[in-house]
Amino acid sequence: MQGDEVYAVLERIGAERLHHANTVTTCCTFLEQGGLASRGFVEDRHLSQTAQLASDEIDKRYGIWHDVFLDHVDIHYRAGRVKGPNHYGPVLFMLNLDILLRLPTGSDVRVTKTNPVHWFNGQPEGDRWFQSPEELAANLAFGNFEKMLVIRTPSTMIPFPDKRAQIALDDPKKNVSCGEDAYSSASKRLMTAATAGNVKVVIAPHECRNDCTCVEKYACYAPAGMDLWFT
Ligand SMILES: [Zn+2]
């Protein structure tokens, strides 16, 4: 589908932004490269990214390794279900919906019907992907977080519009293993990467709802887990 076709559907359901969550390491690479890069883009160039054990193999198997994933909802909120940290990492890029109108020529925007971790071999394409803007419009409601945007651009990355990026960063209110506060350590690393990539970044603490459980959940993270996500 074209970016403007998907934009029109998302605007109609009240989506205001698109989101991409990841670890500090992977997001520093994005900032240094000036855009949201596909897993394949980063691997091909031998840049740094945190392995995503649950999905990397699946992304390669189903030919979406060179695509960029975006959500129309902030998964941290989990649409009213169990709330807590985003499973992909504590750094959340928030993008204006109109990024869909500014994609490079030759880009393709697809939307999954289910999370690819639930796909199986031999499954018809029509069970995995919405086949038209009409089908998408008839079946997408705000909060359907399993219906993800999967974007392929010619460069296999999406440049930050006007070299600007906005990040909501989780504050776990605990330290990483070197003894530094996780939020400030992560924030500093991201700022340094943005400077290197000539990106103007605004970083603010993630605004959690009152019933959010992320701080409780982070309290249970082992030091290695904290370091993997925040350093
Ligand atoms: Zn939270």
Side-chain angles (χ1 to χ4, degrees), residues 10 13-31 36 39 49-55 68-97 99 112 114-118 140-149 160 164-194 199 201-231:
L10 289 173
I13 64 166
E16 292 174 352
R17 285 193 290 233
L18 295 174
H19 308 81
H20 179 95
N22 224 311
T23 63
V24 169
T25 295
T26 303
C27 292
C28 282
T29 296
F30 293 167
L31 290 164
L36 296 177
R39 309 284 297 162
Q49 64 187 344
T50 305
Q52 292 175 351
L53 299 176
S55 59
V68 179
F69 287 68
L70 296 173
D71 300 297
H72 75 269
V73 278
D74 176 354
I75 296 188
H76 197 113
Y77 294 144
R78 211 57 56 81
R81 290 167 54 176
V82 183
K83 290 159 285 289
N86 193 307
H87 290 313
Y88 295 99
V91 185
L92 183 71
F93 281 98
M94 297 192 294
L95 305 135
N96 283 332
L97 199 58
I99 197 168
T112 64
T114 57
N115 188 316
V117 297
H118 302 305
L140 184 70
F142 188 83
N144 291 161
F145 60 84
E146 73 284 5
K147 295 171 184 171
M148 298 178 284
L149 273 67
F160 295 123
R164 287 171 187 272
Q166 193 187 346
I167 287 174
L169 176 61
D170 287 358
D171 181 359
K173 303 192 192 301
K174 66 187 276 192
N175 295 347
V176 284
S177 64
C178 70
E180 195 177 354
D181 173 69
Y183 182 91
S184 18
S185 162
S187 181
K188 266 189 261 173
R189 276 205 62 205
L190 292 162
M191 292 301 292
T192 305
V199 173
V201 69
V202 175
I203 302 173
H206 184 270
E207 284 179 24
C208 292
R209 297 190 334 194
N210 290 336
D211 56 351
C212 191
T213 58
C214 71
V215 174
E216 271 168 55
K217 296 225 168 90
Y218 282 127
C220 304
Y221 277 40
M226 285 298 292
D227 287 357
L228 187 68
W229 272 31
F230 284 92
T231 66

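Just the heavy atoms: all of them, side chains too, but no hydrogens, waters or symmetry mates, feed the values below. Order of listing sets the numbers, starting from 1, for every ligand and every atom in it. Keep in mind that what you see is a predicted model, and the values were worked out from it rather than measured.
Here the two rings, on F69 and Y88, have centers that are 6.0 Å apart or farther. Aromatic pair Y218/F230: ring centres closer than 6.0 Å. Between H72 and F142, the ring center distance clears the sub-6.0 Å criterion.
The only member of L18, V68, L31 that meets side-chain contact (heavy atoms from CB on, under 4.5 Å) when paired with L36 is V68.
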Quiz item: Going through the checks in order, is the side chain to side chain contact (heavy atoms under 4.5 Å, CB included) test met by K188 and E180?
Solution: CA-CA 11 Å; K188 266 189 261 173; E180 195 177 354; 2.5 Å; yes
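With waters left out, the protein N, O or S atoms under 2.8 Å from the Zn ion (ligand 1) add up to 4.
Checked by atom type, the side-chain pair T23/T26 shows a donor-acceptor distance below 3.5 Å.
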